[in-house]
Amino acid sequence: MALLELLKGTLARRLASRLLYRRQSCRTKLPSYNGARASHSSAAGSAVRSQASVGAELSGFKVMEVHDISEMQLTAVRLQHVLTGAQYLHVAKDEPNNVFCIGFRTTPLDSTGVPHILEHTVLCGSNKYPVRDPFFKMLNRSLSTFMNAMTGSDYTIYPFSTQNPADFRNLMSVYLDAVF
């Protein structure tokens with residue numbers, strides 16, 4: 001366990017830039033927007049815009065930008081966490097999938113593959129979920145429509161999607177506990 005904590009500490013030091021991305025169906029509650037509901041994409045955008053005006057503070061996040069993207073029938077809201085500076089992109093769209101992705105800048109210092117090794121190590125359990133390989137256990141027990149982790153040349157992301165709101169909250173809890 002000490003090695004895991006050491007690796008997580010190393011990961012935390014190396015991952016200076018954090019990006020949270022979440023696209024959640026507007027047929028379910030939008031927790032970041034005080035439970036606003038909408039039944040179609042134009043209403044989804046209206047619900048988000050009514051609560052997310054530039055400069056407003058929502059649940060510890062400051063609204064930086066709000067954009068309607070008509071070609072994709074969605075509204076995008078860029079937020080910044082007041083205390084940590086973490087970036088959060090909320091995409092409101094009438095879509096049955098609830099999608100979450102947390103990503104980190106993992107610019108390598110050399111060619112040893114440390115970011116990719118850490119990608120796998122991060123999903124090997126935590127204090128809250130002390131199960132060996134909870135990621136693989138979730139694959140069999142979740143209603144997810146997509147679940148993975150990926151390392152690119154200078155980033156590492158942990159995305160998932162599900163059509164079940166309870167499953168969404170459970171998976172998000174496991175993912176966030178694992179990476180932080």
Side-chain angles (χ1 to χ4, degrees), residues 1 3-26 28-33 59-61 64 72 74 76-81 83-93 95-180:
M1 195 62 159
L3 177 61
L4 179 60
E5 294 305 314
L6 175 65
L7 288 171
K8 281 189 173 183
T10 302
L11 179 65
R13 286 189 297 276
R14 293 198 55 203
L15 306 177
S17 175
R18 295 184 174 111
L19 172 70
L20 288 168
Y21 167 83
R22 186 166 116 205
R23 178 182 74 190
Q24 183 169 350
S25 169
C26 292
T28 61
K29 289 186 178 180
L30 295 173
S32 298
Y33 302 108
S59 302
F61 286 86
M64 307 304 284
M72 299 180 79
L74 61 83
V77 182
R78 188 173 67 86
L79 303 104
Q80 183 172 16
H81 192 257
L83 295 177
T84 65
Q87 298 292 308
Y88 169 28
L89 175 63
H90 183 92
V91 180
K93 181 176 174 73
E95 162 71 39
N97 273 313
N98 298 297
V99 179
F100 176 87
C101 181
I102 185 160
F104 301 93
R105 182 183 316 252
T106 52
T107 307
L109 302 175
D110 51 36
S111 61
T112 58
V114 170
H116 189 224
I117 293 166
L118 290 173
E119 169 202 322
H120 289 271
T121 306
V122 162
L123 293 175
C124 286
S126 64
N127 288 336
K128 187 173 179 181
Y129 301 99
V131 179
R132 186 173 188 273
D133 294 327
F135 183 79
F136 291 106
K137 291 192 183 322
M138 289 186 305
L139 285 172
N140 297 330
R141 297 179 180 167
S142 169
L143 299 171
S144 69
T145 54
F146 180 80
M147 189 183 314
N148 208 340
M150 296 166 244
T151 299
S153 59
D154 62 351
Y155 64 89
T156 301
I157 59 173
Y158 301 88
F160 72 81
S161 67
T162 179
Q163 294 185 2
N164 182 293
D167 194 39
F168 177 85
R169 288 187 296 276
N170 292 336
L171 290 171
M172 186 168 57
S173 176
V174 172
Y175 269 57
L176 287 174
D177 192 63
V179 300
F180 290 113

Here the pair of heavy atoms bringing Ala76 nearest to Leu74 is N-CD1, 4.0 Å
Nearest heavy-atom contact between Leu79 and His90 is CD1-CB, 4.2 Å
Residues passing the ring pair (Phe, Tyr, Trp, His ring centres under 6.0 Å) test with Phe160, sequence neighbours excluded, are Phe100, Phe168, Tyr175
4.5 Å side-chain heavy-atom contact, Tyr155 and Arg105 = no
Side chain to side chain donor-acceptor pair (under 3.5 Å) filter on Tyr129, not counting sequence neighbours, yields Ser173
Distance col, row Thr156:OG1 vs His120:NE2, nearest 0.5 angstrom, shows 9.5 Å
CG of Leu171 to OG of Ser144, rounded to nearest 0.5 Å, is 6.0 Å
Sorted by chain and number, sequence neighbours left out, side chain to side chain contact (heavy atoms under 4.5 Å, CB included) with Asn164 holds for Leu143, Thr162, Ala166, Asp167
Nearest heavy-atom approach of Ala178 to Val122 is O-CG1, 3.4 Å
Can a donor-acceptor pair be found, under 3.5 Å and without considering hydrogens, that links the side chain of Asn97 to the backbone of Val99? no
Rounding to 0.5 Å, atoms OG1 (Thr151) and CD (Glu119) come to a distance of 3.5 Å
Nearest heavy-atom approach of Ile157 to Gly103 is CG2-CA, 3.8 Å
Check your understanding: More than 12 heavy atoms of other residues, nucleotides or ligands under 6.0 Å from CE of Met150: is that the case?
Key -> yes
Interatomic distance, CZ@Arg78 vs CZ@Phe61, rounded to 0.5 Å, equals 12.5 Å
Distance col, row Leu123:CG vs Met147:CE, nearest 0.5 angstrom, shows 10.0 Å
Correct closest heavy-atom pair for Met64 and Gln80 would be CE-OE1, 3.7 Å
For this session: Mark yes when over 12 heavy atoms from residues, nucleotides or ligands other than Phe146 sit less than 6.0 Å from its CZ; otherwise mark no.
Result: yes
When rounded to the nearest 0.5 Å, the distance separating CG of Asn148 from SG of Cys101 is 10.0 Å
Mind checking whether Ile102 and Phe180 have side chains closer than 4.5 Å, heavy atoms only?
-> yes
